[in-house]
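Below: the structure, in structure tokens.
Lettering follows sequence order; numbering is per chain, from 1.
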Amino acid sequence: MRTPPSLLSLSIDSALLNLSNFSDLSPLPDHILLDLFLRTLKAGKLTEKILMLFMATGKDEVLALIQSLNIQLITPVLPTSKKMSQTNIGDDEVDIVIGALHADLTSFLNEWRPLFSRFHLIIVKDPDLREELKIPEGFNLHVYTKSDIDRVVGSSYTAINFSGYSCRYFGYLMSRKKYIFSVDDDCIPAKDDKGLSVDAVDQHITNLATPATPFFFNTLYDPFRKGTDFVRGYPFSLRSGVTCALSCGLWLNLADHDAPTQALKPGHRNSRYVDAVLTVPARALMPVSGVNIAFNRELAGPALFPGLRLAAEGKLRWETVEDIWCGLCVKVVCDHLGLGVKTGLPYVWRNDRGNAIESLKKEWEGVKLMEEVVPFFQSVRLSQAAVTTEDCMLEIVALVKERLATLDPVFARAAQAMADWIKLWKAVGSGSGSSRPSNG
Amino acid sequence: MAQPAIPVTPALKDDLDIVIPTIRNLDFLEMWRPFFQPYHLIIVQDGDPTKTIRVPEGFDYELYNRNDVNRILGPKASCISFKDSACRCFGFLVSKKKYIFTIDDDCFVAKDPSGKEINALAQHIQNLLTPSTPFFFNTLYDPFREGADFVRGYPFSLREGAPTAISHGLWLNIPDYDAPTQLVKPLERNTRYVDAVMTIPKGTLFPMCGMNLGFDRELIGPAMYFGLMGDGQPIGRYDDMWAGWCAKVICDHMSLGVKTGLPYIWHSKASNPFVNLKKEYKGIYWQEDIIPFFQSVVFPKECITVQQCYIELSKQVKEKLGHVDPYFQKLADSMVTWIEAWEELNPPTKAAPAAQPNGVKKDAPAPKPK
């Protein structure tokens, strides 16, 4: 007769099954900890998080075993099946679009390799960039350069300028995927407050694949995240939420401040990791930073266009407001069509670059223009007839012409560029944009 | 750093009252002693007035039971709920201080991720003393926190912000779920510490929880009426919700700010979900009418004080929610009674205050001797 398993053995088996729920293993006696570790190895359940859990106990025997087995923390190349995402979005539904403002993308792409390797990449070279792009091997990607841009855009859309930060939008045009993730080429993956690597792509996809809740603020933030929910007082009819069209991520180290703010506090770096995703409420506007975003291409594509191009726009974020402009367009469109915009996680690590004071000396037209731009968007009201993103954008173009163009020629140019973009999107971009989802 | 340093003299020591509704005991105060002891407490004893509530030694407090409520308010006492923590708003009425912090007696000191004990009161004070940003959302959350700032694209003309009227704190451990959610997820605990304070944008409603709340009584006090709940009422557990919706629409009209997020407290007691379901049942249905009502409230421009807005709101409640249930007619009447009681106990010593800019600390009027 087989000896029945001991109570201790059953406990360790149970612990093994629930290992991801533990936050602290140090109360365990040494021999039990060791046994648990060995069974974890045998079961193939040693992930980065669980390894850190064992190491955090500080117990000599476990640490010695880890060392003798030569277990190291290596950033993994993730297999093609997603294991972290709680959604059912396939890798083939995502494009990662990078605007290359720097020719040498070697270290950038190598830093992102573990997270990017399973996706298709679109790299768009800044048409102003002279040198050849340097791209490391091993990626599934497509590169677009000035000649491609000229060929597609031709001479029919003269108002559109894809140079500088605007180059990535050409990638949005050429993509045929449902979701796009875009990050600046001076950013690398971040680590969270527990020291674990942040999978920015996975988090953005989760944000886009789960509903947004713009009509009522949930005080525990995104109710669709694990371990949380809608709070008392949240109307039940609003709990199914709406489709999320845009996911705005944040930045550690060099935050996306404007030049005057950064110049005033040159040593200031963002070190606060805020573990939240939240929906930006309907009719609340916000400044969308293009440094780290993802979106539903079909829904947001026609609205995401860098229409507002500063006269002296440069190659540093401090010298642009293009993303702020199209972010406002997207938010107004989403509010009208009943779509959602989320902000918060994921974080990326933004490398130090540039000099705020220099940027300020060169260009601060953007700061002045925002004083007109924000009240304008706050006052935009779209008609009931506008049921697709393109419809909404055409109405916004008309309003820009009517109310802003007289204030500054930059707005007249913006309106023209946006009008051209919508035509170009219809001609070249796939899909016909969103319809307003039926209510009720 | 995540929280303000402990000052040598506790901030706002003479300008803030801590209001605690209780029906059981105040043992929880022992844990809060290091943070609360310098402040004055107002205890509102609910339930049986013959019972003696023991207050731990060393606290400076005033205590009111139902007999006191009846004595002080006379016939107006009908607006103060009985057998429900909504009675806490009586404490707001009788306070003479500029700021109020209110907390439930099952809320304890929480720890932040570094293991340090959180001084919730100090964080609320910090939230209230710094401006809010309701007109444009800052993606780095409260720009007035140490280590944060406005992001690129935030118009400079909006960076002064608005005075903060309400500071809404959160809870670790037992989350503030409604009864249906509690029934489906009885074991869920809030373990996520979100290191952020943020302003709820203008025009957006939220569910205000009364168990960890601070507010500027001078700015928004008259709107912080917690309604008719509990004994003899068809509804419970919507007191703070009601106050929050009323206060938010008034704050929006008067360009005052509401912050939410830090501080966290540790919520220890999970109430019985079946009892809760009975109390909330009507609320869950009525909410579907109440929310659209609040979302469409417009105040005429003649309403320039909180009291005026509140009276106007009571008229609109009667008119637009009266058909949902006769309860709302009663509630509208008690909203008026509340304002009458407020005016009586807090006669204006000067012209009705318009929103004051933050950072300009006015001398608080001398507290009236009790």
B/Pro207 to A/Val231 - nearest heavy-atom pair and separation |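 That would be CG-CG2, 3.4 Å.
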
Which atoms form the tightest heavy-atom contact between B/Thr139 and A/Pro287, and what is the distance?
->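 For B/Thr139 and A/Pro287, the tightest heavy-atom pair comes out as CG2-O, 3.8 Å.
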
Flag the pair [X] / [Y] as yes when at least one side-chain heavy-atom distance between them is below 4.5 Å, and no otherwise.
X        : Y        : answer
A/Val274 : B/Val194 : yes
B/Pro175 : A/Asp229 : no
B/Leu140 : A/His257 : yes
A/Phe217 : B/Met198 : yes
B/Tyr154 : A/Thr261 : no

How long is the straight-line distance from [atom2] of [Y] back to [atom1] of [X], given to the nearest 0.5 Å?
X        : Y        : atom1 : atom2 : result
B/Thr181 : A/Arg239 : OG1   : CZ    : 4.5 Å
B/Ile284 : A/Arg232 : CD1   : CZ    : 11.0 Å
A/Phe236 : B/Gln287 : CZ    : CD    : 7.0 Å
B/Asp149 : A/Leu264 : CG    : CG    : 8.0 Å

Of all of A/Val280, A/Leu238, A/Asp323, A/Val373, which one pairs up most often with chain B through heavy atoms under 4.5 Å apart?
->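 Top count of heavy-atom pairs under 4.5 Å with chain B: A/Asp323.
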
So what's closer than 4.5 Å to chain A heavy atoms on B/Ala179: side chain, backbone, both or neither?
->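 The answer is neither part of B/Ala179.
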
Part of B/Thr204 lying under 4.5 Å from any heavy atom of chain A =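 Only the side chain of B/Thr204 comes within 4.5 Å of chain A.
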
Below 4.0 angstrom, N of the basic side chain to O of the carboxylate: do A/Arg283 and B/Asp252 qualify?
->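 So A/Arg283 does not pair with B/Asp252 through a salt bridge.
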
